[in-house]
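A quick write-up on the structure given underneath.
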Amino acid sequence: MKPLPRSFYEQPVVTLARACIGKLLVHRTAEGIAGGRIVEAEAYRGPEDLAAHSRRGLRTARTEVMYGPPGHAYVYLLYGTSWAFNFVCGPVDEPHAVLVRAIEPLLGIELMAQRRGMEATDRALTNGPGKLCAALAVDKGAYGADLCGRGSALFLAACDAPTGPIGRSARIHIDYAGDWVDKPWRFFEKRNRFLSTGPRE
DNA sequence: GAATAGATTGTCT
DNA sequence: GACAATCTATTCT
């Protein structure tokens with residue numbers, strides 16, 4: 001299993017949000033390997049997208065990695081209690097990123113269940129941005145990590161399993177984004193039992 | 001299954 | 001000092 005190449009992340013952000021559905025997200029740590037198929041993701045296209053943290057070209061220590069080259073991890077703390085994993089795309093100085101909202105557990109399921117403190121069969125294992133980060137042990141330490149290096153611990157990879165029909169909808173919990181609220185930039189595998197909140201069709 | 005409220009902290013105004 | 005790309009427990013039905 002090897003990381004997808006940098007060129008994968010050089011696609012337009014909305015195209016990429018759809019293309020990553022069905023790919024494997026993998027994290028290797030000292031405890032072992034953990035990962036699963038991405039079944040839900042959203043595109044954030046700063047600086048014009050008011051829902052993006054990089055809106056209006058906002059450039060701070062937190063958003064800095066989005067202005068760098070594609071294929072790196074953007075990890076941030078949400079509501080003081082949860083981490084969320086995104087991957088950066090687009091050329092340097094274009095702050096675009098894709099938020100991974102849910103995965104279907106495939107690798108290291110027992111390890112993920114242990115980290116989450118629940119049964120390995122529980123669908124709450126990875127059905128939300130903060131939950132999947134907890135299951136994969138992704139936190140601030142992964143900020144800025146290169147997803148395309150030969151020895152990358154955190155990366156996306158191709159998956160043999162076929163991908164089901166893909167649906168799309170408006171993004172979740174961005175009511176503050178004005179005209180951008182209704183953009184259908186959330187993509188998901190229809191009726192997958194590991195989807196987070198929001199439309200499932 | 002759906003709706004509600006409380007938790008908790010880094011970041012920006 | 002307010003808020004946030006959320007999660008969990010609890011209380012309904």
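Small disclaimer: the values here were computed from a predicted structure and weren't measured. Chain identifiers are assigned alphabetically (A, B, ...) following the order of the sequence lines, protein sequences preceding nucleic acid strands; residue numbering begins at 1 within each chain.
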Exercise for review: Examine C:dA5: is either OP1 or OP2 under 4.0 Å from a nitrogen or oxygen in the side chain of A:R186? Give yes or no.
Suggested key: no

**Study point:** Whole-Å distance separating the CZ atom of A:R56 from the P atom of B:dT13
**Key:** 7 Å

Practice item. Could you tell me whether the phosphate oxygens of B:dT11, OP1 or OP2, come under 4.0 Å of any side-chain nitrogen or oxygen in A:K140? Key: yes

Check your understanding: Between A:D49 and A:R171, is a salt bridge (Lys or Arg N to Asp or Glu O under 4.0 Å) present by the stated rule, with each step listed?
Key -> CA-CA 12 Å; A:D49 179 1; A:R171 293 169 293 177; 2.7 Å; yes

Practice item. Just call it for A:R171: base, sugar-phosphate, or nothing, with non-hydrogen atoms closer than 4.0 Å on any strand. Key: nothing

Check your understanding: For B:dG10, does OP1 or OP2 lie under 4.0 Å from any side-chain N or O of A:Y79?
Key -> no

Practice item. Looking only at non-hydrogen atoms, find the nearest pair between A:M1 and A:I33 and report the distance. Key: CE-CD1, 3.9 Å

**Study point:** Nearest-angstrom distance from the residue atom CZ of A:R123 to P of B:dG1
**Key:** 7 Å

Review point. Reckon A:A84 touches a base, only the sugar-phosphate, or nothing at all at heavy-atom distances under 4.0 Å?
Key: nothing

Check your understanding: Taking atom C1' of C:dA4 as reference, at what distance in whole Å does atom CD of A:E42 sit?
Key -> 14 Å

Review point. Is the distance from OP1 or OP2 of C:dT8 to the nearest side-chain N or O of A:K131 less than 4.0 Å?
Key: yes

Exercise for review: Output yes if the stacking criterion (under 5.5 Å between centres, under 30° between planes) is met for A:Y76 over the base of B:dG10, else no.
Suggested key: no

Exercise for review: For A:G80 and for A:L132, locate the closest nucleotide of DNA chain C by heavy-atom distance; then report the residue assigned to the nucleotide nearer the 5' terminus.
Suggested key: A:G80

Review point. Which one is paired to B:dT4, where only Watson-Crick or G-U wobble pairs with both distances under 3.5 angstrom count?
Key: C:dA9

Practice item. Please tell me which of the listed nucleotides, B:dC12, C:dA5, C:dC7, lies nearest to the side chain of A:H173? Key: C:dA5

Check your understanding: What is the distance from CG of A:L78 to P of B:dC12, rounded to the nearest Å?
Key -> 14 Å

Practice item. Kindly point out which of B:dT11, B:dT8, C:dA5 is positioned nearest to the side chain of A:T81? Key: B:dT8

Exercise for review: Examine the base of C:dA5 for any acceptor or donor lying under 3.5 Å from a partner atom in the side chain of A:H53, and report the outcome as yes or no.
Suggested key: yes

Review point. Without hydrogens or angle criteria, can the side chains of A:Y74 and A:H53 be said to hold a donor-acceptor pair below 3.5 Å?
Key: yes

**Study point:** Nearest-Å distance for atom pair CD/C1', residues A:E64 and B:dG10
**Key:** 17 Å

Point to revise | For atom CZ of A:R200 and atom C1' of B:dG1, their distance in whole Å | key: 11 Å

Point to revise | Rounded distance in Å - CH2 (A:W83) to C1' (B:dT9) | key: 9 Å

Check your understanding: Is the closest basic N to carboxylate O distance between A:E189 and A:R37 below 4.0 Å?
Key -> yes

Exercise for review: Check whether NZ of the Lys or CZ of the Arg A:R200 lies under 6.0 Å from the centre of the six-membered ring of A:F188 and within 45 degrees of that ring's axis.
Suggested key: no

Review point. Touch check for A:L99, heavy atoms < 4.0 angstrom, all strands: base, sugar-phosphate only, or nothing?
Key: base

Point to revise | Integer-rounded Å distance: B:dC12 P and A:R55 CZ | key: 10 Å

Review point. For A:E42 and A:Y44, does a side-chain donor sit closer than 3.5 Å to a side-chain acceptor?
Key: yes

Check your understanding: Distance check: side-chain N/O of A:R116 vs OP1/OP2 of C:dT8, anything under 4.0 Å?
Key -> yes

